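Working notes, beginning with the structure itself.
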There are 2 protein chains.
Amino acid sequence: MRQTEEAIGQRLGGLNVDFEAMWAVSNIYRASSAIRNHLEQTVLRDTGLTWTGFVVMWVVWIWGESEPRHVAAEAGISKGTLTGVVKTLESYRHLRRFPHPTDGRRVMLALTPTGERLMLGLFPEFNRQEAFVVKKLDSERRRDLATSLRHILEHLENT
Amino acid sequence: MRQTEEAIGQRLGGLNVDFEAMWAVSNIYRASSAIRNHLEQTVLRDTGLTWTGFVVMWVVWIWGESEPRHVAAEAGISKGTLTGVVKTLESYRHLRRFPHPTDGRRVMLALTPTGERLMLGLFPEFNRQEAFVVKKLDSERRRDLATSLRHILEHLENT
DNA sequence: GAAGTATAGTTTGGCAGCTAACGATCGGAT
DNA sequence: ATCCGATCGTTAGCTGCCAAACTATACTTC
């Protein structure tokens with residue numbers, strides 16, 4: 001890691017680089033990948049669920065019957081991706097889709113009983129691993145981290 | 001966003017949830033996705049490069065001639081993924097691979113002259129967008145953010 | 001009833017992401 | 001010289017990720 005910083009210093013020394021921004025963005029991305037891998041290799045491994053599959057189930061679990069565009073927005077993925085993930089979760093019998101009562105364009109999503117049971121058993125484990133991930137940060141730093149990231153998200157959403 | 005928190009409070013109220021950890025992890029992931037999209041839709045769009053394509057070129061640019069497993073580690077992706085991304089970058093003539101002088105198992109990677117020129121023009125733009133991404137945070141918060149994330153990364157790497 | 005505009009969700013094409021297994025190569029021990 | 005264990009990079013299979021285009025449906029205006 002220190003070697004990396006030296007190599008970067010040497011190559012980019014002559015340029016006018018915003019290193020604070022660079023490290024912030026780089027670390028967000030790397031932490032995100034590492035966390036996803038960690039969760040997929042621990043809690044999610046035996047379920048066959050991917051990170052995104054879990055998140056989609058979680059959103060439907062939280063909100064109850066929902067519509068695809070809303071679930072996609074809450075999960076932070078595109079509608080096209082949501083369609084693909086729902087297809088996968090349907091094949092696992094964790095989630096089902098059915099027509100909207102009055103609008104033929106719309107679709108409703110809900111967890112199956114199997115999916116509900118899975119979430120009840122899985123979420124506490126998932127949350128324990130989330131706590132493990134941030135274990136080295138004290139409470140204040142965790143809140144500051146979440147707050148800074150929310151500011152970034154809001155800034156990008158208002159662009 | 002506030003509605004989301006209310007729905008979560010209602011569903012998870014009876015469980016013993018570490019909300020700080022949950023929000024920290026969730027926001028890391030969402031910020032990461034949003035940042036990648038932003039960069040792919042702005043600076044990288046006209047180049048045809050993906051986020052990961054850019055990162056791989058950047059790593060080879062910083063280190064000079066490199067080997068795949070090293071580039072994969074620096075870029076935070078698996079060796080299998082690195083092979084696929086290198087294939088894409090080779091087809092764009094941005095990067096080339098050639099045999100290791102003495103070890104038949106190993107491969108060397110280097111940017112082509114075209115790739116070097118692209119990085120010289122692209123990186124300052126990329127870094128400007130990185131600065132834009134974190135624009136709403138002051139200098140101290142940016143450093144704290146990068147530091148907290150590095151602690152998370154180190155913790156996960158030592159598991 | 002017809003036309004125009006908008007919305008919802010799906011499909012398409014292409015790229016990325018992982019793990020696990022594989023083939024090629026290397027180095028050490030015998 | 002041969003064997004064995006380890007390493008390197010690639011391949012296979014599967015899932016996720018996007019934007020853009022498409023089809024079906026809804027609503028408003030005339």
Side-chain angles (χ1 to χ4, degrees), chain A residues 29-30 32-42 44-57 66-73 75-92 94-109 156, chain B residues 29-30 32-42 44-57 66-73 75-92 94-109 156:
Chain A
Y29 195 77
R30 298 194 63 133
S32 171
S33 290
I35 291 170
R36 175 179 179 139
N37 278 354
H38 176 76
L39 270 298
E40 285 185 343
Q41 282 303 318
T42 54
L44 300 179
R45 187 191 189 87
D46 292 335
T47 66
L49 282 176
T50 62
W51 168 282
T52 307
F54 174 85
V55 169
V56 166
M57 286 184 69
S66 313
E67 303 190 37
R69 70 194 184 289
H70 177 243
V71 178
I77 60 181
S78 73
K79 293 186 298 166
T81 300
L82 194 277
T83 298
V85 175
V86 163
K87 179 167 290 186
T88 301
L89 294 174
E90 268 191 303
S91 79
Y92 293 165
H94 291 327
L95 187 146
R96 66 191 176 89
R97 89 174 81 196
F98 47 97
H100 190 275
T102 60
D103 190 328
R105 293 169 296 179
R106 294 156 80 180
V107 157
M108 303 302 298
L109 302 173
L156 289 181
Chain B
Y29 194 76
R30 298 192 64 132
S32 170
S33 289
I35 291 169
R36 176 178 178 143
N37 275 355
H38 177 76
L39 271 299
E40 284 184 343
Q41 284 301 318
T42 54
L44 299 179
R45 187 190 189 90
D46 291 334
T47 66
L49 282 177
T50 62
W51 169 282
T52 306
F54 174 84
V55 169
V56 165
M57 286 184 70
S66 312
E67 302 190 39
R69 71 194 185 286
H70 179 244
V71 177
I77 61 180
S78 74
K79 293 186 297 165
T81 300
L82 195 277
T83 297
V85 174
V86 162
K87 179 168 293 185
T88 300
L89 294 175
E90 268 189 305
S91 79
Y92 293 164
H94 291 329
L95 188 148
R96 66 190 178 90
R97 85 174 83 195
F98 46 98
H100 190 275
T102 61
D103 191 326
R105 293 171 295 181
R106 295 154 79 178
V107 157
M108 302 303 297
L109 301 173
L156 290 180

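All values reported here derive from a predicted model rather than from experimental measurement. Chain A is the first sequence line, chain B the second, and so forth, proteins listed ahead of strands; every chain is numbered from 1.
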- Assign B:Ser78 to base, sugar-phosphate, or nothing according to its heavy-atom contacts below 4.0 angstrom with the strands shown. base
- Task: Please state how far atom CD1 in A:Ile77 lies from atom P in D:dC17, giving the value in whole angstrom units.
- Result: 6 Å
- Message: Using OP1 and OP2 only, check whether a side-chain N or O of B:Thr52 sits under 4.0 Å from C:dG17.
- Response: yes
- Message: Check the phosphate of C:dC15 against B:Arg36, side-chain N and O only, distance under 4.0 Å to OP1 or OP2. Yes or no?
- Response: no
- Message: Can you measure A:Glu90 atom CD to C:dG9 atom P for me and round it to whole angstrom units?
- Response: 14 Å
- Does D:dC8 have OP1 or OP2 sitting under 4.0 Å from an N or O in the side chain of B:Arg69? yes
- Message: Below the 4.0 Å mark, does C:dT11 have OP1 or OP2 next to a side-chain nitrogen or oxygen of A:Lys87?
- Response: yes
- Message: Check whether A:Ser33 reaches the backbone of A:Arg30 with its side chain - one donor and one acceptor, N or O, closer than 3.5 Å.
- Response: no
- Query: To the nearest Å, how far apart are B:Leu109 CG and D:dG9 P?
  - Reply: 8 Å
- Between A:Val56 and A:Ala75, which heavy-atom pair has the shortest distance, and what is it? CG2-CB, 4.4 Å
- NA contact type, B:Phe54, heavy-atom cut-off 4.0 Å: base, sugar-phosphate, or nothing? nothing
- Task: Indicate, with a heavy-atom threshold strictly under 4.0 Å, whether A:Thr81 touches base, sugar-phosphate, or nothing.
- Result: base
- Item | Presence of B:Arg45 side-chain N/O under 4.0 Å of D:dA20 phosphate oxygens OP1/OP2 | yes
- Side-chain contact test, heavy atoms from C-beta onward, threshold under 4.5 Å: evaluate it for B:Tyr92 versus B:Thr47 and give yes or no. no
- Note on the structure: Smallest heavy-atom separation, A:Thr52 atom then B:Tyr29 atom, equals OG1-OH, 4.3 Å
- Atom pair distance, as rounded to whole Å: CG in A:Leu44 and P in D:dG16: 12 Å
- Item | Presence of B:Thr83 side-chain N/O under 4.0 Å of D:dT11 phosphate oxygens OP1/OP2 | no
- Would you kindly compare A:Met108 and A:Glu40 by the position of their nearest DNA chain C nucleotide and give the one closer to the 5′ end? A:Met108
- Message: Please classify the nucleic acid contact of A:Gly80 as base, sugar-phosphate, or nothing, using heavy-atom distances under 4.0 Å.
- Response: base
- Value rounded to 0.5 Å, distance of CZ in B:Arg105 from CD in B:Glu67: 10.0 Å
- Message: Counting the atoms with a prime plus P, OP1 and OP2 as sugar-phosphate, which does B:Leu82 contact under 4.0 Å by heavy atoms, base, sugar-phosphate, or nothing?
- Response: nothing
- Query: Which is true for B:Thr50 with a 4.0 Å heavy-atom rule: it touches a base, it touches only sugar-phosphate, or it touches nothing?
  - Reply: sugar-phosphate
- Message: Rounded to whole Å, how long is the line connecting atom NE2 of B:His100 with atom C1' of C:dT25?
- Response: 12 Å
- Once you round to the nearest 0.5 Å, how far does CG of B:Leu82 lie from NE2 of B:His70? 11.0 Å
- Item | Any B:Arg105 side-chain N or O less than 4.0 Å from OP1/OP2 of C:dC22 | no
- Message: Counting C-beta onward and ignoring hydrogens, is there a side-chain heavy-atom pair between A:Lys79 and A:Thr83 closer than 4.5 Å?
- Response: no
- Message: Taking the nucleotide of DNA chain D with the nearest heavy atom to each, does B:Gly84 or A:Gly76 sit closer to the 5' end?
- Response: B:Gly84
- Just call it for B:Thr102: base, sugar-phosphate, or nothing, with non-hydrogen atoms closer than 4.0 Å on any strand. sugar-phosphate
- Nucleotide D:dA24, atom C1' - distance to NZ of A:Lys79 in whole Å: 13 Å
- Query: So which one's nearest nucleotide on DNA chain D is more toward 5', A:Gly104 or A:Thr88?
  - Reply: A:Thr88
- D:dT15 phosphate, OP1 or OP2: any side-chain N/O from A:Tyr92 under 4.0 angstrom? yes
- Note on the structure: Separation of D:dC17 atom C1' from B:Leu49 atom CG, nearest Å, is 17 Å
- Task: Tell me what B:Phe98 touches on the nucleic acid: a base, only sugar-phosphate, or nothing, going by heavy atoms under 4.0 Å.
- Result: nothing
- Grab the CZ-C1' distance between A:Arg106 and C:dA6 for me, whole Å please. 14 Å
